[in-house]
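What follows is one structure encoded as structure tokens, with my remarks underneath.
Residue numbers start from 1 in every chain, and the chains themselves are labelled A, B, ... in the order their sequence lines are given, proteins ahead of strands. None of these values were measured; they are calculated from a predicted model.
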There are 2 protein chains.
Amino acid sequence: MKYSLSEENYLKAIYHLEKIAATGVATNAIAEQMETKPSSVTDMVKKLSEKKLVNYIKYQGVTLTEKGKKTALTIIRKHRLWEVFLVDKLKFHWDQVHEIAEQLEHIHSEELITRLDKFLGEPDFDPHGDPIPDKDGNIKRTEKKLLSDLNKNQGGVCVGVKESSPEFLQYLDKKKITIGTKIKVLGKEFFDGSMVILVGKDQSFISKKTAENLYVQTN
Amino acid sequence: MKYSLSEENYLKAIYHLEKIAATGVATNAIAEQMETKPSSVTDMVKKLSEKKLVNYIKYQGVTLTEKGKKTALTIIRKHRLWEVFLVDKLKFHWDQVHEIAEQLEHIHSEELITRLDKFLGEPDFDPHGDPIPDKDGNIKRTEKKLLSDLNKNQGGVCVGVKESSPEFLQYLDKKKITIGTKIKVLGKEFFDGSMVILVGKDQSFISKKTAENLYVQTN
DNA sequence: ATTAAATTTTAGATAAGACTAAAATATTGT
DNA sequence: ACAATATTTTAGTCTTATCTAAAATTTAAT
């Protein structure tokens with residue numbers, strides 16, 4: 001099935017938001033990500049729902065169906081493969097390629113992507129270290145990382161702690177962080193390594209020391 | 001300036017039609033090329049005219065302005081460079097690449113094309129033998145070819161004859177062909193090499209012998 | 001537990017690009 | 001030259017994706 005530019009971008013946005021959302025993805029969150037208005041999101045989400053790409057119940061947010069997730073992952077696959085091409089072959093800097101890959105990811109041709117993948121040596125990660133899904137949408141899991149190693153706007157799921165003193169665990173408890181909690185880095189201070197993170201719907205401030213003792217899995 | 005997908009496709013179509021049109025390009029011709037309706041063409045042509053990309057006088061067809069021609073040539077440049085990429089690097093067959101290049105030609109990034117061009121070794125011709133305009137829209141002229149070497153849908157300008165007997169020249173005269181006449185191959189018979197060609201607005205039938213004695217310049 | 005505030009949805013409008021049907025203009029044949 | 005034919009344009013409609021303003025619903029606060 002072939003989807004419009006707009007539909008593809010919505011699916012991608014919902015996929016990324018779902019990774020760090022406790023519940024269904026909010027209309028407002030999608031609107032912000034897409035730089036559009038909530039009413040436009042409602043319209044599009046209805047359309048995606050009719051096409052069985054998302055589950056949608058009025059006022060209760062959106063989740064991707066299996067079909068939707070698979071579609072999102074093929075777009076992400078294309079995006080990341082093109083980024084590898086731009087950096088490895090065309091010698092772009094890794095921080096210059098996002099905008100161009102945003103366009104290239106919408107080129108429709110399976111054969112093209114198959115050949116591009118081969119040409120690039122079937123890479124597992126893009127130039128930012130994000131994993132490249134295979135043609136069926138399977139992602140090679142990254143090793144767990146310390147939260148302190150994530151950069152702004154990266155997100156992950158808490159999978160463990162380095163230090164496990166009761167004091168630290170109780171502190172995490174107070175911060176509403178436990179195994180399986182989705183975390184996104186909203187900001188990172190350069191001089192002291194402290195972070196503002198998103199935990200569920202709430203912002204939270206954590207020190208470098210805390211971030212260095214929390215394992216997350218990105219994807 | 002950045003133009004829409006549709007605007008870019010119209011400019012490209014008009015460019016190709018102008019090469020083989022004696023007069024301004026007809027609304028109907030554009031409609032046929034674009035697989036759309038004449039009324040849609042009129043609408044778009046008005047818009048292109050407002051943007052100073054074409055000269056348009058009601059009922060009298062369209063020609064590209066300098067600005068329009070330059071824009072068309074940058075799109076053609078992108079199309080042909082991507083075709084080289086697809087064939088040389090991704091090992092596509094030269095007859096599989098057109099559709100994909102039709103999509104890739106609309107990616108907006110000067111830097112991308114500059115780097116792609118360098119990566120490909122600054123090629124002068126695409127896999128079909130068509131010349132690749134440089135970044136300023138200059139085309140490296142092809143050597144003159146025999147009309148008999150053109151394939152269906154290729155066009156060119158008559159630049160000379162191989163045989164110059166008065167009989168042949170008089171015959172060409174009767175066929176309304178002279179130096180500077182634009183010719184397009186509409187059909188080519190396999191078994192005897194005869195052709196149906198477009199001369200100005202009229203179709204004409206010519207034998208293999210005639211086609212083998214007429215030089216054309218393609219571009 | 002109500003009210004206030006925030007979020008989400010609905011209703012109606014707009015712009016781009018395309019379409020149909022009908023009107024206007026050009027071209028052609030005799 | 002003028003009627004018949006072909007081409008082109010106009011007028012009005014449709015679809016997709018957006019928007020604003022107002023109504024509906026949920027969440028939060030006292």
Side-chain angles (χ1 to χ4, degrees), chain A residues 1-14 17-18 21-51 53-63 75 102-103 106 108 176 198-203, chain B residues 1-14 17-18 21-51 53-63 75 102-103 106 108 176 198-203:
Chain A
M1 216 43 37
K2 231 158 98 175
Y3 301 105
S4 77
L5 186 71
S6 205
E7 288 169 335
E8 291 193 352
N9 283 331
Y10 272 95
L11 288 175
K12 207 168 38 119
I14 295 167
L17 290 166
E18 206 174 34
T23 164
V25 179
T27 302
N28 254 5
I30 299 171
E32 198 176 325
Q33 177 92 3
M34 298 286 298
E35 295 183 7
T36 182
K37 303 289 168 183
S39 54
S40 309
V41 174
T42 302
D43 288 346
M44 179 55 87
V45 150
K46 280 182 185 167
K47 194 163 64 147
L48 295 176
S49 178
E50 270 161 28
K51 296 188 180 186
L53 292 162
V54 302
N55 304 116
Y56 170 59
I57 307 170
K58 270 199 219 180
Y59 294 103
Q60 299 195 195
V62 191
T63 56
I75 301 160
E102 289 282 297
Q103 296 180 62
H106 301 292
H108 291 291
K176 305 278 187 202
L198 194 68
V199 179
K201 298 189 64 156
D202 303 313
Q203 285 193 196
Chain B
M1 217 42 39
K2 230 157 102 175
Y3 302 105
S4 76
L5 187 70
S6 205
E7 289 170 334
E8 291 193 353
N9 283 331
Y10 272 96
L11 289 175
K12 206 168 41 120
I14 296 167
L17 290 166
E18 205 174 35
T23 163
V25 179
T27 302
N28 254 5
I30 300 171
E32 197 177 326
Q33 177 93 2
M34 298 285 297
E35 297 184 0
T36 182
K37 302 290 167 180
S39 54
S40 309
V41 174
T42 302
D43 288 346
M44 179 55 88
V45 150
K46 279 181 186 168
K47 195 164 64 147
L48 295 176
S49 178
E50 268 161 31
K51 296 189 179 185
L53 292 162
V54 301
N55 304 115
Y56 170 59
I57 306 170
K58 268 198 220 180
Y59 294 103
Q60 299 194 196
V62 190
T63 56
I75 300 161
E102 289 282 298
Q103 297 179 61
H106 301 291
H108 292 291
K176 304 278 188 205
L198 195 67
V199 179
K201 298 189 64 155
D202 304 313
Q203 286 194 196

Practice task
Enter the distance from L17(B):CG to M34(B):CE here, rounded to the nearest 0.5 Å.
Solution key: 10.0 Å
Handout entry: Heavy-atom donor-acceptor pair, S39(B) side-chain to dT20(C) base, under 3.5 Å
Key = yes
Practice task
Just compare dT18(D), dT7(C), dA18(C) and give me whichever is closest to any side-chain atom of Y10(A).
Solution key: dT18(D)
Tell me: [atom1] of [X] to [atom2] of [N], nearest whole Å?
X: K46(B); N: dA16(C); atom1: NZ; atom2: P; answer: 14 Å
X: E32(B); N: dA6(D); atom1: CD; atom2: C1'; answer: 14 Å
X: I57(A); N: dA24(D); atom1: CD1; atom2: C1'; answer: 17 Å
X: Y56(B); N: dT10(D); atom1: OH; atom2: P; answer: 6 Å
X: K58(A); N: dA24(D); atom1: NZ; atom2: P; answer: 11 Å
X: D43(B); N: dT10(D); atom1: CG; atom2: C1'; answer: 9 Å
X: L48(B); N: dA16(C); atom1: CG; atom2: P; answer: 13 Å
X: Y59(A); N: dA5(C); atom1: OH; atom2: P; answer: 19 Å

Problem - Side-chain heavy-atom pair I30(B), V25(B) within 4.5 angstrom cut-off - result: yes
Handout entry: Heavy-atom side-chain contact between K12(B) and E102(B) under 4.5 Å
Key = yes
Exercise for the section: Remember a base hit wins even if backbone is also touched, and classify T27(B) as base, sugar-phosphate or nothing at under 4.0 Å, heavy atoms. Expected result: sugar-phosphate
Exercise for the section: May I ask you to say what T42(A) touches in the nucleic acid, namely base, sugar-phosphate or nothing, with a heavy-atom cut-off under 4.0 Å? Expected result: base
Completion exercise
Scanning both residues in full, the closest heavy-atom pair of Y3(A) with K51(A) reads CE2-CD, 4.3 Å
Practice task
Check for a donor-acceptor pair, side chain of Q103(A) on one end and backbone N or O of H108(B) on the other, with a separation under 3.5 Å.
Solution key: yes
Problem - Position toward the 5' end of DNA chain D (nearest nucleotide), K37(A) or V41(B) - result: V41(B)
Practice task
Please determine if a side-chain N or O atom of T36(A) lies less than 4.0 Å away from the OP1 or OP2 oxygen of dC19(D).
Solution key: yes
Problem - N28(B) side chain near dT8(D) phosphate (N/O to OP1/OP2, under 4.0 Å) - result: yes
